[in-house]
> 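Dumping the structure here so I can ask a few things about it.
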2 protein chains.
Amino acid sequence: MATLGDLERTVMDLLWATPEAMTANALRDAIAEAPLGEVGRELAVTTVLTVLSRLEKKGLVERERDSRPHRYTSVTSREDHTAELMHEVLVTAPDREAVLARFVGSVSEAEAKTLRKLLGGS
Amino acid sequence: MATLGDLERTVMDLLWATPEAMTANALRDAIAEAPLGEVGRELAVTTVLTVLSRLEKKGLVERERDSRPHRYTSVTSREDHTAELMHEVLVTAPDREAVLARFVGSVSEAEAKTLRKLLGGS
DNA sequence: GAGTTTGTTCTACGATGTGTAGAAGAAATC
DNA sequence: GATTTCTTCTACACATCGTAGAACAAACTC
């Protein structure tokens, strides 16, 4: 289970929010500008690079090694990643149906409607 | 997000699997007997107690302080806990509907059937 | 009720993960 | 070739977790 730290999370959020690949410098700047309600921090580029390396090792990030300032992208979309995590959590329990019952009870009506639509009629 | 270590997880699994409250000694013995496919370990009782304290602080475990060998129980059922975790994961993404779409695509047919049944009406 | 047994709390240490970044090395640019 | 830019290596502090001994408290036993 890939559990992320705060900074790792911030970096992933930025990569997910940006369609193009980003350089470490671009990420550092984006972080400094308090991107998503977070407190903007002035980080050293090496800090960002370290985090990117770790995310790469975790399989969440890919880097283009040929382009000179390396460019980084997320391997999966945020939605895929989140859905995958949810599934990982689900399968930790032996009685998945019971878990799903509780889960369905916890989602909003709008989300329930979405689920019905996705699951098709019947 | 309460992420559990291996031993913490083992302890929770035992508490969830046992209807009655358990003492630290009972837990130590249960762990030693390789409960759930795990490698049985001979742990010191203090080790188990430390883990129980930590789980208590995390809000996952409750202890009866009056009974002399303190007895420990899980605060929530495994299913509730798992469903709650899933929901926590879900709400980390801005586009929950998209996540749910991916998630529904990843569950088995049996689980999908369960979901349909649960979502039943309208 | 003093001594022994049993149970709990305190403190601690090693390993791992994460935030942080400087120093050193490699590549591009001038 | 010198300077700038970028990447890798190494490192440190702090938190979490597995692990448990030492010290303290309660209970049981004559």
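Labels below follow one simple rule: chain letters A, B, ... track the order of the sequence lines, proteins then strands, and each chain is numbered from 1.
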> Is the distance from OP1 or OP2 of D:dT7 to the nearest side-chain N or O of A:His70 less than 4.0 Å?
yes
> How many angstroms lie between CG in B:Leu52 and CG in B:Leu60, if you round to the nearest 0.5 Å?
11.0 Å
> What's the CZ-C1' distance between B:Arg54 and C:dC10, to the nearest Å?
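Going from CZ in B:Arg54 over to C1' in C:dC10 covers 12 Å.
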> So, does A:Thr47 get its side chain near the phosphate of C:dG19, meaning an N or O under 4.0 Å from OP1 or OP2?
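No, no such contact exists.
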> Can you check the B:Leu52 CG to D:dG18 P distance for me, whole Å?
12 Å
> Within a strict 4.5 Å, meaning less than it, do heavy atoms of the A:Trp16 and A:His81 side chains meet?
yes
> Name the closest nucleotide to the B:Thr50 side chain, picking from C:dA21, D:dC17, D:dA20.
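My answer, after comparing the listed nucleotides, is D:dA20.
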> Considering heavy-atom distances to DNA chain C, does A:Val48 or B:Pro69 have its closest nucleotide positioned more toward the 5' end?
B:Pro69
> Describe the nucleic acid contact of B:Arg65 in one word from base, sugar-phosphate, nothing, applying a heavy-atom distance below 4.0 Å.
sugar-phosphate
> Which of the following nucleotides, D:dT8, C:dG7, D:dA20, is nearest to the side chain of A:Thr46?
D:dT8
> Quickly work out the B:Asp6 CG to D:dT16 C1' distance and round it to whole Å.
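Rounded to whole Å, this separation is 13 Å.
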> Determine: side-chain N/O of B:Arg63 to OP1/OP2 of C:dT9, distance under 4.0 Å, yes or no.
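For B:Arg63, the contact criterion (side-chain N or O under 4.0 Å from OP1 or OP2 of C:dT9) is met.
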> State whether A:Asn25 places a side-chain N or O below 4.0 Å from either non-bridging phosphate oxygen (OP1 or OP2) of D:dT5.
no
> Can you check whether B:Val61 reaches B:Thr73 side chain to side chain, under 4.5 Å on heavy atoms?
no
> Can you name the nearest heavy-atom pair linking A:Thr92 to A:Val89, along with the distance?
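Of all heavy-atom pairs spanning A:Thr92 and A:Val89, the closest is OG1-O, 2.6 Å.
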> Would you mind reporting whether A:Arg71 and A:Arg63 have side-chain heavy atoms less than 4.5 Å apart?
no
> Could you give the NZ-to-C1' distance, from A:Lys57 to C:dT18, as a whole number of Å?
12 Å
> Does the D:dG18 base have a donor-acceptor partner in the side chain of B:Arg41 within less than 3.5 Å?
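No, no donor-acceptor pair under 3.5 Å.
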> Do B:Arg96 and A:Glu111 have side chains that approach each other closer than 4.5 Å (heavy atoms only, starting at C-beta)?
yes
> Roughly, in whole Å, what's the span from CG in A:Leu49 to C1' in C:dG25?
14 Å
> Considering only C:dG19, D:dT8, D:dC17, which nucleotide approaches the side chain of B:Glu8 most closely?
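From the listed options, D:dC17 comes nearest.
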> Round to a whole Å and report the spacing from OH of B:Tyr72 to P of C:dG7.
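Those two atoms, OH and P, are 12 Å apart.
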> Between D:dC17, C:dT9, C:dA21, spot the one nearest the side chain of A:Ala44, thanks.
C:dA21
> Side chain of B:Leu43: nearest nucleotide among D:dA20, D:dG18, D:dT8?
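Selected nucleotide (nearest to the side chain): D:dA20.
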> Once you round it to whole Å, what is the distance between P of C:dG7 and CD of B:Glu64?
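So the CD-P distance, B:Glu64 to C:dG7, works out to 15 Å.
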> Please determine, for the side chain of B:Arg68, which listed nucleotide (D:dA26, D:dG18, D:dC6) has the closest atom?
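Nearest to the side chain of B:Arg68 among the choices is D:dA26.
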> In whole angstroms, how far is the P atom of C:dT20 from the CD1 atom of A:Ile31?
9 Å
> Categorize B:Leu7 for me: base, sugar-phosphate, or nothing, with a 4.0 angstrom heavy-atom threshold over every strand shown.
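Sugar-phosphate: the residue B:Leu7, judged by heavy atoms under 4.0 Å, touches backbone atoms but no base.
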> With a 4.0 Å cut-off on heavy atoms, is B:Lys58 in touch with a base, just the backbone sugar-phosphate, or nothing at all?
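The answer is sugar-phosphate, as B:Lys58 gets under 4.0 Å only of primed atoms, P, OP1 or OP2.
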> Would you say B:Arg28 places a side-chain N or O within less than 4.0 Å of OP1 or OP2 belonging to D:dA20?
no
